[in-house]
J.: 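Sharing a structure below in structure tokens format, with a few things to ask.
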Amino acid sequence: MAIIINIDVMMAKRKMSLGELSERVEITSANLSILKNGKAKAVRFSTLEAICRELDCQPGDIIEWRPDEDTKNKE
């Protein structure tokens with residue numbers, strides 16, 4: 001997958017648990033876990049905004065694009 005989710009990195013830097021973040025963002029731990037593990041198909045901007053607010057970070061701190069093998073081979 002070319003889109004990498006680094007929520008776990010930011011949570012560790014802020015010493016925040018998944019449960020605590022899910023409470024603050026007001027989404028279920030299960031949905032936050034799906035997002036954190038890169039299995040989500042989409043994320044609402046309101047959810048992204050709440051995550052960034054609670055982790056005191058920018059969207060680019062938690063969402064990253066890396067070329068996958070197919071992209072690398074086309075260059």
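Heavy-atom basis, side chains included; hydrogens, waters and symmetry copies ignored. Bear in mind that the values here come from a model prediction, so they are computed numbers and not experimental data.
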J.: Can you see which heavy atom on Met11 is nearest to which on Leu18, and at what distance?
T.: CE-N, 3.3 Å

J.: So, taking the atom named CG in Asp8 and the one named CD1 in Ile62, what distance separates them when rounded to the nearest 0.5 Å?
T.: 10.5 Å

J.: State, with a plain yes or no, whether a side-chain heavy atom of Asn6 is found less than 4.5 Å away from one of Asp61.
T.: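 Sidechains of Asp61 and Asn6: no contact.
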
J.: Does the pair Arg24/Glu20 count as a salt bridge with the N-to-O cut at 4.0 Å?
T.: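 Yes, this pair counts.
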
J.: Check for me, please, whether Ile5 and Trp65 land in the same ILVMFWY cluster - side-chain distances under 4.5 Å, paths through other members count.
T.: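 Yes, Ile5 connects to Trp65 through the hydrophobic network.
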
J.: Rounded to the nearest 0.5 Å, what separates atom CD1 in Ile27 from atom CG in Leu35?
T.: 6.5 Å

J.: Could you tell me the separation between the NZ atom of Lys39 and the CD1 atom of Ile34, rounded to the nearest 0.5 Å?
T.: 9.5 Å

J.: Kindly compute the distance separating CD1 (Ile63) from CG (Leu48), expressed to the nearest 0.5 Å.
T.: 4.5 Å

J.: Return the minimal non-hydrogen interatomic distance between Val25 and Ala50, and the atom names on each side.
T.: CG1-CB, 3.7 Å

J.: Can you tell me how far apart SG (Cys57) and CZ (Arg14) are? Round to the nearest 0.5 Å.
T.: 6.5 Å

J.: Measure the CD1-CD1 distance between Ile51 and Ile7 for me, rounded to the nearest 0.5 Å.
T.: 4.0 Å

J.: Over all heavy atoms of both residues, which pair between Leu32 and Ser22 is shortest? Give the atoms and the distance, please.
T.: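 Shortest heavy-atom contact: CD2-N, 3.7 Å.
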
